[in-house]
Amino acid sequence: MMADHGVPCNGQEATYCMNGGTCYKIHAMNTLSCVCNDNYKGSRCEQFQLFSSSTNTGQAGLIAALVIVALLILVAIAVVIYYIRKMLKAKQQSQQNIPQPQYWRVQQRV
């Protein structure tokens, strides 16, 4: 890749690149450049890049979004169920407080 535009470094210059990167001298710019090995990046291959099993970061973002939406739906359902139960319980308590007419009792005659 860089060999088309530069020549490999020699001697002390060869240690310019870190972590096994290959050093090239670019004569047109009078500078050194590195071609990094896998999992390394940076101008001198000084930064370690973690391995990613997902080749498409959009796919990982979509999965995360779906999980978040599913959790929000579950929370909404739980809130609705809570309030329905609360209303039913309040309705039962209000019905218990109202005295029911007792039709089977016969009133005494005086």
How would you list, by chain and number, every residue that makes a side-chain contact (heavy atoms from CB on, under 4.5 Å) with Met29, sequence neighbours excluded?
-> Ile26, Thr31
Kindly say whether Ala90 contributes a backbone atom to a donor-acceptor pair with the side chain of Gln92 at under 3.5 angstrom?
-> no
Spell out, with a plain yes or no, whether Cys9 and Cys23 have SG atoms under 2.5 Å apart.
-> yes
Could you give the distance from CE (Met18) to CD (Gln47), rounded to the nearest 0.5 Å?
-> 10.5 Å
Group every Ile, Leu, Val, Met, Phe, Trp and Tyr by side-chain heavy-atom contacts under 4.5 Å, then state whether Tyr82 and Val79 land in the same group.
-> yes
Distance-only donor-acceptor hits, side chain of residues 35-42, under 3.5 Å, sequence neighbours excluded:
from	atom 1	to	atom 2	distance (Å)
Asn37	ND2	Asn19	O	3.3
Asn37	ND2	Gly20	O	2.9

Considering all heavy atoms of both residues, which atom of Gly21 and which atom of Cys45 are nearest to each other, and what is their separation?
-> CA-SG, 4.0 Å
Got a sec, which pairs hit side-chain hydrogen bond (donor to acceptor under 3.5 Å, both in side chains) with one end in residues 7-16, sequence neighbours left out?
-> Glu13-Lys25
Which residues satisfy the side-chain contact (heavy atoms from CB on, under 4.5 Å) test with Ile81, sequence neighbours excluded?
-> Ile77, Arg85
Residue pairs passing the salt bridge (charged side-chain N to carboxylate O under 4.0 Å, His left out) test where at least one lies in residues 69-84, sequence neighbours excluded = none
Which hydrophobic side chains are connected to Ile68, either touching it within the sub-4.5 Å cutoff or through other members that do?
-> Leu72
Not counting sequence neighbours, which residues clear side-chain contact (heavy atoms from CB on, under 4.5 Å) with Ile84? List them please.
-> Val80, Leu88
